[in-house]
Number of protein chains: 2
Amino acid sequence: MALEHAILVSLLEKPGSGYELARRFERSIGYFWTATHQQIYRVLKRMENDGWVESRDVPQQGRPDKKEYSVADLGRAALSSWLHDPIEPESVRHDLAVKIRGAAFDDPAALIREVERHRHAHGDRLAHYLAGEERDFTEPEAGPAAPEAALDAERELQHVVLRGGIAYERMMISWLDDVLATLARFGPGH
Amino acid sequence: MALEHAILVSLLEKPGSGYELARRFERSIGYFWTATHQQIYRVLKRMENDGWVESRDVPQQGRPDKKEYSVADLGRAALSSWLHDPIEPESVRHDLAVKIRGAAFDDPAALIREVERHRHAHGDRLAHYLAGEERDFTEPEAGPAAPEAALDAERELQHVVLRGGIAYERMMISWLDDVLATLARFGPGH
DNA sequence: TCGTGCTATGCAACTCGTTGCATAGCAAGT
DNA sequence: ACTTGCTATGCAACGAGTTGCATAGCACGA
């Protein structure tokens, strides 16, 4: 399971509370991994018991205190060993594909709206990713000399993951257009 | 949850036993939904209790008997109502993306082999899908007059789902090449 | 002041999904 | 004769993930 490892990566990029992690999982990390706050709190507790992360209470003004977590040595080691462990290429699960094949036994035209909704959702995500790329990954016109190599790697790797999200959304959009064209052939004409 | 519905679709396409379903989930259905035989047996039992499917014992020669399931009226209705229910665009989960971002805090070059493995796995799947398309969806040179419309829809919808799988694999392959190029920049040079 | 909404954390109950194991008959190779 | 492997079904235990609910402080507007 990778939720623990996703949390480790996120905390290495920047320490934070369970709540903040949940926010991040709705944004940038959520592009390739989702989690609810309950999952995160539960896993954080286990990780703290296992010595993977450490927490300190941070008082805040105008807000409840928070527990800020950061990665401990054991956590870093756990991440490293996971990184070196091969994993199987993911098994895909697309409800929508099940629906499309199922439509043959119902009314294919009735799916058109649903597919259009998905198409728009993916269009929105694509726009969102592209805006993020524009904001975070356009060169500020000639960085002088060599910046820190470590930061460079972090940025570059975040960027290539984002490009993956962009490629995924573009693929989905053009496939959904293909699906719509196919469904249209079984509409009024039949 | 869509496992029940995926099973309904598969049984509508062709009745079969739990074992046969498990096979299909390793093949064509597995392109967009995975399930182990234990899950399938458990869910089939529940579906039979709920009256969604019916079974009959089929004796076989040279093999253990099997229970062949087929879809009952209630199951057809359940599928139909699910098809009309909107679903949320899927939440993605890519272990590999987590690893790639995590590599910034370890040795990026160590991931190269892993990414190459995935690249090859996706290449294999693509070849497999293309062979299936060639086999099942190339026109046998002019079908005379109009074939059955219902069968037409089933085939066309299966085909568009397969095209989705093909597009997905192509996208992954080109993205993984991008990832490899990016990782290479943090290799020997650094 | 009352409701709405955000930050912040958590429990309990449930369903979903995976892993390991067990059984049993038959086929085919060594 | 022995092992390996395929069809065929299933249990038990566990871990992952979801949903509903609870608490609590503070901000902000009607």
Side-chain angles (χ1 to χ4, degrees), chain A residues 1-8 11 15-27 29-30 32-50 52-53 55-69 78 82 87-95 98, chain B residues 1-7 11 15-27 29-30 32-50 53 55-69 82 87-88 90-95 98:
Chain A
M1 107 98 161
L3 176 54
E4 290 149 318
H5 304 107
I7 288 175
L8 286 174
L11 289 180
S17 69
Y19 191 83
E20 282 162 353
L21 282 170
R23 304 257 91 169
R24 291 186 215 169
F25 273 83
E26 282 169 15
R27 297 160 202 271
I29 315 209
F32 53 90
W33 202 270
T34 56
T36 59
H37 75 273
Q38 281 84 355
Q39 263 183 86
I40 291 169
Y41 283 123
R42 201 201 296 156
V43 172
L44 273 176
K45 195 166 286 179
R46 188 176 64 224
M47 290 168 79
E48 196 175 15
N49 277 333
D50 294 348
W52 289 22
V53 295
S55 67
R56 56 188 195 96
D57 287 325
V58 178
Q60 302 183 110
Q61 69 265 61
R63 295 180 190 182
D65 296 357
K66 66 174 182 179
K67 276 174 85 171
E68 192 179 81
Y69 289 91
W82 177 70
I87 48 172
E88 287 314 301
E90 337 74 48
S91 45
V92 190
R93 299 206 160 169
H94 288 295
D95 300 65
V98 178
Chain B
M1 108 97 161
L3 177 54
E4 292 150 316
H5 304 108
I7 288 176
L11 289 179
S17 69
Y19 190 82
E20 282 163 354
L21 282 170
R23 304 258 91 169
R24 292 185 214 167
F25 274 83
E26 281 169 16
R27 296 161 202 274
I29 316 214
F32 53 90
W33 203 270
T34 55
T36 59
H37 74 274
Q38 281 83 354
Q39 261 183 87
I40 291 169
Y41 283 123
R42 202 200 296 157
V43 172
L44 272 175
K45 195 167 285 181
R46 188 176 65 222
M47 289 168 79
E48 196 176 14
N49 277 334
D50 294 348
V53 295
S55 68
R56 57 190 194 94
D57 287 325
V58 177
Q60 302 182 109
Q61 69 265 61
R63 295 181 190 181
D65 296 355
K66 66 174 181 178
K67 276 174 88 173
E68 192 180 81
Y69 289 90
W82 177 69
I87 48 171
E88 286 314 300
E90 338 71 54
S91 45
V92 191
R93 296 206 163 170
H94 288 295
D95 299 66
V98 178

Legend entry - Between C1' of C/dT23 and OH of B/Tyr41, the distance in whole Å: 12 Å
Legend entry - Nucleotide of D/dT9, C/dG17, D/dG20 approaching B/Lys67 most closely (side-chain heavy atoms): D/dT9
Legend entry - Heavy-atom pair of closest approach, residues A/Phe25 and A/Trp33: CD2-O, 3.6 Å
Legend entry - Euclidean distance, atom NZ of residue A/Lys66 to atom C1' of D/dT23 [Å, nearest integer]: 20 Å
Legend entry - Rounded distance in Å - NZ (B/Lys45) to C1' (D/dA8): 13 Å
Inset, instruction - Specify whether A/His5 and A/Trp52 have parallel, tilted or perpendicular ring planes, treating 30° as the upper limit for parallel and 60° as the lower limit for perpendicular. - result: tilted
Legend entry - B/Arg23 vs D/dA8: side-chain N/O to OP1/OP2 distance below 4.0 Å: no
Legend entry - Partner set under side-chain hydrogen bond (donor to acceptor under 3.5 Å, both in side chains) for A/Thr34, not counting sequence neighbours: B/Arg93
Inset, instruction - May I have the distance from B/Asp65 (atom CG) to C/dT23 (atom P), rounded to whole angstrom? - result: 20 Å
Legend entry - B/Thr36 vs C/dT19: side-chain N/O to OP1/OP2 distance below 4.0 Å: no
Legend entry - Worked check of side chain to side chain contact (heavy atoms under 4.5 Å, CB included) between B/Trp82 and A/Val98: CA-CA 11 Å; B/Trp82 177 69; A/Val98 178; 3.8 Å; yes
Legend entry - Bend angle of the helix from C/dT1-D/dA30 to C/dT30-D/dA1, end axes from five pairs each (to 10°): 20°
Inset, instruction - Output yes when a side-chain donor or acceptor of A/Glu26 lies under 3.5 Å from a complementary backbone atom of A/Arg23, and no otherwise. - result: no
Inset, instruction - Answer yes or no: is there an ion pair linking A/Glu48 with A/Lys45, defined by an N-O contact shorter than 4.0 Å? - result: no
Inset, instruction - Nearest whole angstrom, please: distance from the P of C/dG20 to the CD of B/Gln39. - result: 15 Å
Inset, instruction - Measure the distance from CD on B/Glu20 to C1' on D/dT7 and round it to the nearest whole Å. - result: 10 Å
Legend entry - N/O (side chain, B/Arg42) to phosphate O (OP1/OP2, D/dA13) under 4.0 Å: no
Legend entry - Nearest-Å distance for atom pair CD1/P, residues B/Ile40 and D/dT7: 14 Å
Legend entry - D/dG17 OP1/OP2 closer than 4.0 Å to side-chain N/O of A/Arg93: no
Legend entry - OP1 or OP2 of C/dT7 under 4.0 Å from side-chain N/O of A/Tyr19: yes
Legend entry - N/O (side chain, A/Gln38) to phosphate O (OP1/OP2, D/dG17) under 4.0 Å: no
Inset, instruction - Round to the nearest Å and state the distance from B/His37 atom NE2 to C/dA24 atom C1'. - result: 14 Å
Legend entry - Gap separating the CG atom of A/Asp50 from the CD atom of A/Glu4, nearest 0.5 angstrom: 8.0 Å
